[in-house]
Every structure is written in C-alpha cells, then in structure tokens.
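These notes are about the structure you will find just below.
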Amino acid sequence: LDTLRALTPRFSSEFTVRPFLIHEEKPTLAYLTRQLEHPDEHVRRWVSEGSRPLLPWGERIPRIVLHPKLTWPLLNALKADPAEYVRRSVANHVNDHAKHHADEVVRVLTRWRKELGENAPSTALIRHASRTLIKQGHPKALSLQGVRTDAKIQATQISIATPVVRLGGKLEVSLRLRNASQTKEEIIIDHEISLLKADGRHSQKVFKGSRVSLAAGEVTTLSFRIPLRPVTVRKYYAGKHFWAPQVNGKPSKRLSFELKL
C-alpha cells in the first residue's frame, strides 16, 4: 500500500488497490483513512477513486456495493476538499452508490447541502453526484436541485431536424417548453436515446442535456446537438433509433431517426 501511495501521483493506483479492499477490507480502509489529509491531492483522490464500488473498467467491490456505509466516512471527509479533482471523484463515488441505494444517497446529499451551504463547489458536487437519480426522475433528488416535480411544464413542438445521422455526427433536436405554473420553475432537460442492439431490441441510455429557469407563463424553444460518437463502452448498430426529451425526469414524445455507420 505504501508503494501504491507513492505511485498514484505518477500513474494512479485506483485499479491496483481494489484487490486489497476485496481481500483485506478492514486494514485497507484503515490505511486509506490515514491518507485523508495527505498533502498530495492525487493521494486524496486515490482514497475516493480506488474505493469506488463500480469504478469503470475496474474490478467491482461487492461488499462496498452492498454496504455503502463502509466508504461514507471517507467521502464525508473529502466532500469539501480544496481540489476540484478530488471533489469530482467523490461525486462519482456517490453516484455509484446511487445505483443501488437511492434513498440513502439522497439523505446523505441533503445533509451535505446543509453542511456545505449554497456555493458553486458544493452545488456542482451535489449535482454531479445525483445525476443518475435525476435521469431516473427521483423526486427527492430533483428537489435537491430546486426542481418541483408537480410543476406544470408543457413540452410541445418536439422535433428532429436530422432524421438521418451518420455515426460521428450529431443528432439535432428541438422542443418548446411552457411554464404553466404560477411561479418561477427550474427545469432539467435530458435526452433519452433508445439505441438499437444487435438482436433488434432497443436499450435506453439517458444523456445529460441542460437546465433552464422559466418565469410563470414563460415560453422558450430549445435546440440541442447530441453527438453520436464511437466510444469504447458502447457499440452502435445501423438502423432505427429513437430520441425523447426527458423533462424533469419524465420522458416526453418519442421520435425516430436512422443511424448510418
């Protein structure tokens, strides 16, 4: 572990620490706890990133998946770290927990919001940490973002400007939003893409969109260009795909487009 700590500022040891957490949980967590105030931000990030239960391309840590309480003390200590690099890792770690422990994550983030106050770093951390819950339309997670789930938001004139898209290009879409509520409302717009699979079925992937504030009765038209680029974690297939705007966690009208490779 001392060697991994020395290496992580140069290469990152977030993958190689995971077998220690799996096979020697208690002493490894105790070791990571002693690094929480290390002067090197790469080491402090290693504490959070290395113990993530669902680190992409990394070995899953089953005990932490089942028992998020194992890493809450680490994350709590790092949530206000001076380095954005570390706070970003904390947010990603919390988002991992959100995939299996949604309500617990909301309770923790609610407490953090009170402790950290309203400022740009804490707002960014909480927003990034709750992104999966926002995409799922979790009411309390939306409330943390200042979004009222009972707000009367109307989505109309939903359209696709590029009915045929070549892989590597951008899907161009638009919609019209009207705030039919009597108060100013915060609105989060994400994009649900139904991706064609090899067996002809579709799988849903939600892409981050944007956020707007509308006064009572206000109307706005939004346009988006969603990149459809080849990535290592996803395989695209030529054929019919679907897009639907997701307004405050609720999917709207679904439209089709053709993807060409």
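- Ring orientation note: the planes of His241 and Tyr236 are tilted relative to one another, at an angle of 30° to 60°.
- For Asp190, there are no side-chain hydrogen bond (donor to acceptor under 3.5 Å, both in side chains) partners at least two apart in sequence or on another chain.
- The side-chain hydrogen bond (donor to acceptor under 3.5 Å, both in side chains) test applied to Arg60 returns no partner, not counting sequence neighbours.
- One hydrophobic cluster, built from ILVMFWY side chains closer than 4.5 Å, holds both Leu29 and Val94.
- Annotation: ring pair (Phe, Tyr, Trp, His ring centres under 6.0 Å) contacts involving residues 33-70, sequence neighbours excluded, comprise His42-Tyr85.
- For residues 155-164, the set of pairs meeting the side-chain hydrogen bond (donor to acceptor under 3.5 Å, both in side chains) definition, not counting sequence neighbours, comprises Ser159-Ser174.
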Using residues 220-231 as the side-chain source, report each donor-acceptor pair under 3.5 Å to any protein atom, sequence neighbours left out, with the distance given to one decimal.
none

Without placing hydrogens or testing angles, list every side-chain donor-acceptor pair under 3.5 Å for residues 9-17, not counting sequence neighbours.
| unit_1 | atom_1 | unit_2 | atom_2 | d |
| --- | --- | --- | --- | --- |
| Arg10 | NH1 | Ala6 | O | 2.6 |
| Ser12 | OG | Glu14 | OE1 | 2.5 |
| Ser13 | OG | Leu4 | O | 3.0 |
| Glu14 | OE1 | Arg45 | NH1 | 2.9 |
| Thr16 | OG1 | Ser13 | O | 3.3 |

Subject >> Candidate pair Arg148 and Glu186, rule salt bridge (Lys or Arg N to Asp or Glu O under 4.0 Å), full reasoning >> reply: CA-CA 7 Å; Arg148 291 197 311 121; Glu186 296 295 318; over 6 Å; no

Original post:
Can you list the steps and then say if Glu49 with Arg52 is a salt bridge (Lys or Arg N to Asp or Glu O under 4.0 Å)?
Top reply: CA-CA 5 Å; Glu49 199 72 5; Arg52 280 181 60 180; 3.1 Å; yes

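- Partners of Glu37 by side-chain contact (heavy atoms from CB on, under 4.5 Å), not counting sequence neighbours: none found.
- Here Arg5 pairs with Asp2 under the salt bridge (charged side-chain N to carboxylate O under 4.0 Å, His left out) rule; sequence neighbours left out.
- Open room surrounds CZ on Phe20; 12 or fewer heavy atoms of other groups in view lie less than 6.0 Å from it.
- Among residue pairs with one or both ends in residues 95-143, those qualifying as ring pair (Phe, Tyr, Trp, His ring centres under 6.0 Å) are Trp72-His97, His93-His97; sequence neighbours excluded.
- Remark: Arg44 pairs with Asp81 by the side-chain hydrogen bond (donor to acceptor under 3.5 Å, both in side chains) rule, at least two apart or across chains.
- No side-chain donor-acceptor contact under 3.5 Å links Asn95 to the backbone of Ser130.
- Taking the side chain as every heavy atom from C-beta outward, Leu142 and Gln145 never approach each other to under 4.5 Å.
- Crowding of Lys253 atom NZ: a count of heavy atoms from other residues, nucleotides or ligands under 6.0 Å not exceeding 12.
- For Ser252, the side-chain contact (heavy atoms from CB on, under 4.5 Å) test picks out Ala155, Ile158, Pro245, Val247, with sequence neighbours left out.
- When the side-chain hydrogen bond (donor to acceptor under 3.5 Å, both in side chains) test is applied to Arg178, the partners found at least two apart in sequence or on another chain are Gln154.
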